[in-house]
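Working notes, structure below.
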Amino acid sequence: MNTSEIRKLFPILHQEVNGHPLVYLDSGASSQRPISVIEAMKHYEEFDHSNVHRGVHTLGSRATEAYEGARAKVARFLNASSEEEIVFTRGTTTALNLVAGSYARSVCGEGDEIVITPMEHHANLIPWQQVAKATGATLKYIPLQEDGSISLDDVEKTVTDRTKVVSVTYVSNVLGLTNPIREIAAIAHRHGAVMVVDGAQSTPHMKVDVQELDCDFYAFSGHKMCGPTGIGALYGKKKLLNNMEPIEFGGEMIDFVDLQDSTWKDAPSRFEAGTPMIASAVGLGAAIDFLEQIGMDNIAAHDRKLALYAQNRLSEIEGITIYGPKENRTGLVTFNLDDVHPHDLSTVVDSLGIAIRAGHHCCQPLMRWLGVSSTARASFYLYNTEEDIDRLVSALLHTKEYFDHGLR
Ligand code: PMP
């Protein structure tokens, strides 16, 4: 993988911020887009735009082909068995809310259980709290081990025959670890529960095969994998999707409408009421082409190598605390430095042109488990280099000096 050639394809990276060349280390929040994605969306807007699935005119057919073509790319990218298993959504959050609001609400009742972990992003936590409150189900947590990982023994102990849903993130956006989804799915299935996967942080960084994982639902966002905002998808096994009630109603999702009652099309249409985000879907399709051209295995190796390098370099700084397991990090490092508040840390490094994330990362229960209110996080993608990390280390040393001096 030739990172310097790849960098040339991302126009946004070639600018100065606060008088310094930009170092972008916040791809975990949102990645940047290559020129091919920007151009694909521009071409669609300039030449092909119309509404989809409606008109019989030429632009209508082109727009429909572009939109459905993007769905086919997503299906192939995740190795779904058919395009009908891919529902376009606004992103991971909307996809998980769809599973919770439709599937889980209909199968859960008093005494049933939903099982998640304390490392979940709020998007994979609050929807389940809401289902538990509405249905009388119990929300149970697989405990975390000392390094933040979960053990399959604990999964075995937590999941029971009353469990209806197990929902776990594939890669943690704070700890950077990868959960053993295939094994957790096997346990869930033995108890008759469905397996839901939050794929927001895994899909950009590794090859995902939903059939091999044997998950029932898988959610991800386009904007974290070189695609635009406003688009993502829910993968769901066909027989499950076609037995789920829609949670939004309107045009294009219906089969037959009468004055008092209506029937729905099969999935995915029944979950895509109204005019969809067509240009964003085109952009997501172009992002998948781009990632596949580079190769997901190459990207995975690059991101893991950078995370390891960052972990080693950051550990050299006195007063740093790095969170999560020592090994197998997927593209990010979360840390605190002395008593400097992460927001201050992030502000000082930003003044040197370096973008990192600070805050609770939408993981307040995990922050509480770590015993902190917030952390800093540097996250890496295919356009980052070891020099970017060296710049971060120098900036952190500068920050440390700045605050130490202030305290003297
Ligand atoms: N889950 C995880 C693990 C995430 O990192 C994120 C994004 N920070 C989300 C869910 C939510 O993604 P989105 O905001 O794109 O819906």
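In this text the structure is predicted, and so the values were computed from the model without any measurement. Each ligand, and each atom within it, is numbered from 1 in the order the structure gives.
- Using a 4.0 Å cut-off between a side-chain N of Lys or Arg and a carboxylate O of Asp or Glu, Arg182 and Glu212 qualify as a salt bridge.
- Which parts of ligand 1 touch Ser221 is read off a 4.0 Å heavy-atom cut-off, strictly below it: atoms 12 (O), 13 (P), 15 (O), 16 (O).
- Among all protein heavy atoms, the one lying closest to atom 1 (N) of ligand 1 is Asp198 OD2, 2.6 Å.
- Close contacts of ligand 1 with Ala200, meaning ligand atoms under 4.0 Å from a residue heavy atom, involve 1 (N), 2 (C), 4 (C), 6 (C), 9 (C), 10 (C).
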Exercise answer: donor-acceptor pairs, residues 278-288 side-chain atoms, under 3.5 Å, sequence neighbours excluded:
{"residue": "Ser280", "atom": "OG", "partner": "Thr229", "partner atom": "O", "Å": "3.4"}

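- Under the 4.0 angstrom criterion for non-hydrogen atoms, His223 is in contact with ligand 1.
- Contacts between Arg90 and ligand 1, counted as non-hydrogen atom pairs separated by less than 4.0 Å, are absent for every part of the residue.
- For ligand 1 and Thr92, the ligand atoms under 4.0 Å from any heavy atom of the residue are 10 (C), 12 (O), 16 (O).
- Between Glu46 and Lys42 there is a salt bridge, with a side-chain nitrogen of the basic residue lying less than 4.0 Å from a carboxylate oxygen of the acidic one.
- Less than 4.0 angstrom separates some heavy atom of Thr93 from each of these atoms of ligand 1: 11 (C), 12 (O), 13 (P), 14 (O), 16 (O).
- Taking a 4.0 Å cut-off on heavy atoms, Asn124 fails to register as neighbouring ligand 1.
- In this structure, Phe10 and Tyr383 have perpendicular ring planes: the angle between them is above 60°, well past the 30° mark.
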TODO: Could you go through the side chain to side chain donor-acceptor pair (under 3.5 Å) check for Thr330 and Thr178 one step at a time?
DONE: CA-CA 7 Å; Thr330 306; Thr178 305; 3.1 Å; yes
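- Protein heavy atom closest to atom 8 (N) of ligand 1, with residue, atom name and distance, is Lys224 NZ, 2.9 Å.
- Ligand 1 lies nowhere less than 4.0 angstrom from a heavy atom belonging to Glu120.
- Ring geometry for Tyr67 versus Phe88: interplanar angle of 30 to 60°, hence tilted.
- Of the listed residues (Gln201, Arg357, His121), the one carrying the non-hydrogen atom nearest atom 9 (C) of ligand 1 is His121.
- Checked against a 6.0 Å centroid threshold, the rings of His205 and Tyr381 count as neighbours.
- Salt bridge annotation for Arg377-Asp26: present, with a cationic side-chain nitrogen under 4.0 angstrom from a carboxylate oxygen.
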